[in-house]
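Chain A is the first sequence line, chain B the second, and so forth, proteins listed ahead of strands; every chain is numbered from 1. None of these values were measured; they are calculated from a predicted model.
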There are 2 protein chains.
Amino acid sequence: MSTRGASRKGQERSEAILDTAERLLVDEGHAALTLRGVAQQAGIRLGNLQYYFATREELVRALLARVLERATAKLEKRMGAAGHPTTALDAALESLLEDQKEPASYRLFYDLWALAAREPAIATELRAFYARYVGAVEGLLSHAAPELSRAEAHARAELLVALLEGLSLFRSGTLGAPDPKVESELRRMTSWLSDRSSGGPPSGERRKQQVKQT
Amino acid sequence: MSTRGASRKGQERSEAILDTAERLLVDEGHAALTLRGVAQQAGIRLGNLQYYFATREELVRALLARVLERATAKLEKRMGAAGHPTTALDAALESLLEDQKEPASYRLFYDLWALAAREPAIATELRAFYARYVGAVEGLLSHAAPELSRAEAHARAELLVALLEGLSLFRSGTLGAPDPKVESELRRMTSWLSDRSSGGPPSGERRKQQVKQT
DNA sequence: TGAAATCTAGGTCGTTTGACCTAAATCGTC
DNA sequence: GACGATTTAGGTCAAACGACCTAGATTTCA
């Protein structure tokens, strides 16, 4: 409602504006996302930008919504694609890791994490996104290891997602670069996560599990 | 030194200013860290603040240095404290998890991650911090599992640190709250990380790591 | 074709920011 | 007491920002 753009051209313009804003946010950060800056980068006048997004907050809200919507779609596409048994998890992991080589895809999330810590509205939307994310991983885990309880699968999925998000820090070029050794250990760990041999009582000090490895 | 404060009082004032700035940064975020705001919160005049930190950048630089210095000290204290064998890792983990319940301690890092993605100077300092962090964890791992090669220990340490950083997102109140189930799985995972049974192919380099999974 | 949607070009307004400056007052210590 | 360190109180300046406005031009589409 707040966002105009009833015609096809309006829709396209609206999308183009959001594209520009997204690029600006990724490149320069949240503080540099100004109406004048977006208008200039988009090659339109301030008045025209404000015709579509009357206030800065409106623009940010629309931008966030679109970003998370896209991310969710991409995620579910990946998760649902490889419909095969235990390899689905590996395939999904591979795909996720590939994304992390693209700095742009994660810089934005670093800003979102910071924003979410202070703006409840953003935190809520991010929570919803990660709920889906964890849920999808939980599904893959349960599929790969049916003997896991729902709660266990959920806990492990959350751990795996947390691991991937944290790992992005070390892989997206900011704090480090992809390291084959780390990746190999990561794959070992994920296969362990979906291994049936670790279903025992929580009190167990250390369980002996052998990881099959040729 | 660009930062004045030669006398004892000067030192105290300087610290107080940084305290205020840090609190402001944590509470309101990087964009809200203005010289006037800091001065007001600190109960001093702008001129006085600028007597100590002439420019905003100078203030931010000093703030970052102090934060990372403190974090490093806290870290090494924790890591070095429990000098006992395999329990040292568990103790350190416990301590780290305890910190994550304090939102203030991590909100700041979310801002730093975002900043580091754009300002190389900040990225460099953060890298140095995480290098120590990973190094310390690597030491604990090597100690708990002496048969690990240095490279393996390092890779696993990086994984563990990444996991903890990512987990903070789900534990610091922003995207979620501490979950006993997740923590129990986390402990299982860390004990697995320092388990000798996962050494992989005997002593050989694994260039082609085929993750075996039928 | 005509109404609605889109876009331009320019402006105003109040506010905030960082940076810089000065003149004088107080504090602390040798 | 002297002298430097600290602090106040007030100011200026240019730049940027969000929000708001108008009046007209052009395009789109039913």
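Side-chain polar atoms of A:Tyr130 and A:Glu158 form no donor-acceptor pair below 3.5 angstrom. No hydrogens or angles considered: a donor-acceptor pair under 3.5 Å links the side chains of A:Tyr110 and A:Ser172.
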Just the table, please: protein N/O against nucleotides 11-15 of chain D N/O, every pair under 3.5 Å.
none

(request) For B:Arg132 and B:Thr72, run side chain to side chain donor-acceptor pair (under 3.5 Å): C-alpha distance rounded to whole Å, both residues' side-chain angles, the deciding distance at 0.1 Å, then the answer. (result) CA-CA 8 Å; B:Arg132 287 198 194 201; B:Thr72 302; 5.1 Å; no

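Taking atom CD of residue B:Glu58 and atom C1' of nucleotide C:dG18, one finds them 13 Å apart after rounding to whole Å. As rounded to whole Å, 11 Å separates atom P of C:dT17 from atom CZ of B:Arg56. For the pair A:Leu33 CG and D:dC17 P, the computed distance is 11 Å after rounding to whole Å. With rounding to whole Å, B:Ile44 atom CD1 is found 21 Å from C:dA25 atom P. Whole-Å rounding puts the B:Leu49 CG to D:dA5 C1' distance at 17 Å. Atom CG of B:Asn48 and atom P of D:dT8 are 5 Å apart (whole Å). Atoms CD (A:Glu57) and P (D:dC17) sit 18 Å apart, rounded to a whole Å. Atom OH of B:Tyr51 and atom C1' of C:dT22 are 16 Å apart (whole Å).
Considering only side-chain atoms of A:Thr55, the nucleotide from C:dT6, D:dC17, D:dA19 that sits closest is D:dA19. Comparing atom distances between the B:Thr34 side chain and each of C:dG18, D:dG18, D:dT8 picks out C:dG18 as nearest. For B:Arg45, counting side-chain heavy atoms from C-beta on, the closest listed nucleotide (D:dA9, D:dT7, D:dA19) is D:dA9.
For the pair B:Arg187 (side chain) and B:Asp90 (backbone), a donor-acceptor distance under 3.5 Å is absent.
Residue A:Glu94 places its CD atom among more than 12 non-hydrogen atoms of other residues, nucleotides or ligands, all under 6.0 Å distant.
When each of B:Leu63, B:Leu126, B:Ile122 is paired with B:Leu68, the side-chain contact (heavy atoms from CB on, under 4.5 Å) condition holds for B:Leu126 and for no other.
Of the side-chain N and O atoms in B:Arg13, none sit less than 4.0 angstrom from OP1 or OP2 of D:dT6.
Using a cut-off of 4.0 Å between Lys/Arg side-chain N and Asp/Glu carboxylate O, A:Arg171 and A:Asp99 are scored as not salt-bridged.
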